[in-house]
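Below: the structure, in structure tokens.
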There are 2 protein chains.
Amino acid sequence: MRLVVARCQVDYAGRLTAHLPMATRLIMVKSDSSVSIHADDRAYKPLNWMSPPCTLEVREPAQDEQAVVAELDDRLTQVWQVTGKDGDTLQIAIAEVLHDSSHDLGVDPGLQKDGVEAHLQELLAENPEVFGPGVRLVRREYMTAIGPVDLLCRTADGRHLAVEVKRRGEIDGVEQLTRYLELMRRDPLLGDVEGVFAAQQIKPQARVLATDRGIACVTVDYDALRGMDNADERLF
Amino acid sequence: MRLVVARCQVDYAGRLTAHLPMATRLIMVKSDSSVSIHADDRAYKPLNWMSPPCTLEVREPAQDEQAVVAELDDRLTQVWQVTGKDGDTLQIAIAEVLHDSSHDLGVDPGLQKDGVEAHLQELLAENPEVFGPGVRLVRREYMTAIGPVDLLCRTADGRHLAVEVKRRGEIDGVEQLTRYLELMRRDPLLGDVEGVFAAQQIKPQARVLATDRGIACVTVDYDALRGMDNADERLF
DNA sequence: GTGTCCATTTCGAGG
DNA sequence: CCTCGAAGTGGACAC
């Protein structure tokens with residue numbers, strides 16, 4: 001990885017045209033040849049970038065390119081031409097290099113994610129009693145015409161529970177469950193179907209909407225659930 | 001902006017839990033206190049990050065934290081604790097710092113974009129006759145209960161046109177327009193409303209779906225439209 | 001503040 | 001290969 005801090009102006013031409021006026025920025029060149037340009041704010045998104053695969057070519061600035069920045073009393077020292085696979089180009093015209101260092105980072109072992117919705121759903125499927133005493137799992141990913149309901153359960157007294165599982169409970173999750181419930185309640189085979197909105201955190205507005213629609217809200221303690229799971233393993 | 005290249009392991013806890021094993025990476029700390037961690041590939045997205053506002057705290061590694069990496073024959077030298085606004089945390093446990101430099105970049109003048117949907121919509125608003133002879137603009141961003149229609153126009157014979165503008169015409173754009181049309185056709189004030197799907201490119205499936213639903217497809221030549229715009233300026 | 005939609009979205013799964 | 005949908009999406013703008 002090469003890190004260059006430089007006073008530069010940048011022009012991108014591809015799906016759109018974009019221009020960055022002369023200013024000091026970080027230019028990051030990675031070992032897969034991808035290039036990104038960062039300002040001193042915003043963590044996530046670079047100002048400009050070129051995804052791999054792409055090629056980087058350094059050339060002398062042309063005479064007419066000098067004219068563009070001449071009014072700023074600046075002189076271009078080099079121009080980086082980055083060309084992507086779809087013919088899109090990223091041109092970095094550098095006036096002054098303030099820092100330039102290269103680093104051997106090696107291959108990254110990669111990100112391990114945990115606590116995603118799938119795992120939360122898995123844990124809840126193994127512990128349906130969190131929705132009430134005697135509640136049993138009928139099946140996960142119960143298919144309806146408009147998509148799968150996360151969990152379909154059955155209470156001790158024979159009612160069905162349609163459970164929507166989210167990490168963070170927000171309004172769109174309630175809307176989703178509402179659509180499922182509307183469909184499922186038309187199915188005579190299912191009989192009475194109640195909605196349960198289960199999430200690690202439920203936003204106040206989502207809770208209000210859910211309650212208004214007669215949908216029960218269950219906040220799930222992920223670590224406690226994982227603990228129950230471990231306890232189960234130890235007991236049986 | 002501070003650039004640190006270090007052998008580190010990273011743990012994020014927030015909307016999900018994520019772990020990066022010990023490896024050499026770039027840690028970028030920006031002047032808005034945001035932090036991002038980059039591997040030596042992928043231009044766009046950091047491996048891990050914390051969006052501003054957030055606070056960075058450096059502390060000594062605890063004894064039990066050493067144990068985690070001890071098997072790797074590594075020793076932690078410092079731990080960076082980054083805390084975000086929603087209580088999510090990013091913990092960067094550093095074994096060895098290979099590079100550390102700070103740079104004053106100043107405020108970036110910002111990106112100037114051209115050719116995005118907003119500009120395309122603007123050009124079409126100024127040239128509604130591309131939708132047919134005598135077509136006039138009623139208004140841009142015509143509000144409906146479920147969102148704004150990009151352009152509402154009126155034909156010479158008094159019918160309304162609801163125009164959805166996209167850079168790339170795909171199926172979801174047709175769906176979006178269909179939802180708008182469904183609502184607008186219930187409005188007696190509007191009378192007859194026809195749908196127009198306008199994009200620089202329209203994918204075959206999107207065109208099929210649109211045609212099936214009686215929605216007209218218009219492919220827009222961006223450069224030609226810009227030319228018309230310039231011609232207009234010269235003529236009047 | 002919330003709600004909605006765009007993005008050079010990126011990214012991954014599944015057909 | 002394409003299509004579909006999620007993302008720690010982020011970001012902008014209307015209300």
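Just the heavy atoms: all of them, side chains too, but no hydrogens, waters or symmetry mates, feed the values below. Order of the sequence lines sets the chain letters (A, B, ...), proteins ahead of strands, with each chain counted from 1.
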Separation of atom [atom1] in [X] from atom [atom2] in [N], rounded to whole Å:
X      : N      : atom1 : atom2 : value
A:K85  : D:dC1  : NZ    : P     : 12 Å
B:D86  : D:dG10 : CG    : P     : 10 Å
B:D150 : D:dA12 : CG    : C1'   : 15 Å
B:E117 : C:dT4  : CD    : P     : 18 Å
B:R167 : C:dC5  : CZ    : P     : 17 Å
B:K166 : C:dT8  : NZ    : P     : 13 Å
A:D11  : C:dT8  : CG    : P     : 16 Å
B:Q112 : C:dT8  : CD    : C1'   : 16 Å

For the side chain of [X], starting at C-beta, report the closest nucleotide among [options].
X      : options              : value
A:R15  : C:dC6, C:dT10, D:dG8 : C:dT10
B:I171 : D:dC4, C:dA7, D:dG8  : D:dC4
B:Y180 : C:dC5, C:dT8, C:dA7  : C:dC5

Please determine whether a side-chain nitrogen of the Lys or Arg among A:D32 and B:R42 lies less than 4.0 Å from a carboxylate oxygen of the Asp or Glu.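 The answer is no: the pair does not qualify as a salt bridge.
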Between D:dG8 and D:dC4, how far apart are the P atoms? Round to whole Å, please.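 Between the two P atoms, the distance is 22 Å.
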Donor-acceptor pair between [X] and [Y] side chains, under 3.5 angstrom:
X      : Y      : answer
A:Q78  : A:R59  : no
A:T24  : A:R7   : no
A:R140 : A:Q121 : yes
A:S102 : A:R2   : no
B:K113 : A:H19  : no

Can you confirm whether B:D104 is buried at CG, in the sense that more than 12 heavy atoms of other residues, nucleotides or ligands lie under 6.0 Å from that atom?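 For B:D104, atom CG is not crowded (no more than 12 foreign heavy atoms under 6.0 Å).
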Quick one: label [X] by what it contacts on the DNA or RNA (base, sugar-phosphate, nothing), any heavy atom closer than 4.0 Å.
X      : answer
A:D88  : nothing
B:Q121 : nothing
B:M143 : sugar-phosphate
B:Y142 : nothing

Rounded to the nearest 0.5 Å, what separates atom CG in A:D88 from atom OH in A:Y12?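 One gets 4.0 Å once the value is rounded to the nearest 0.5 Å.
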With a cut-off of less than 4.0 Å, is there a side-chain N or O of [X] near OP1 or OP2 of [N]?
X      : N      : result
A:W49  : C:dT9  : no
B:Q176 : C:dC6  : yes
B:S51  : D:dG10 : yes

Residue met sooner reading DNA chain C from 5', once B:R168 and B:P148 are mapped to nucleotides: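 Closer to the 5' end of DNA chain C: B:P148.
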Check each residue of residues 19-45 of chain A for a non-hydrogen atom within less than 4.0 Å of any atom in DNA chain C, then write out the ones that pass by number, or none.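 Within residues 19-45 of chain A, the residues near DNA chain C are A:K45.
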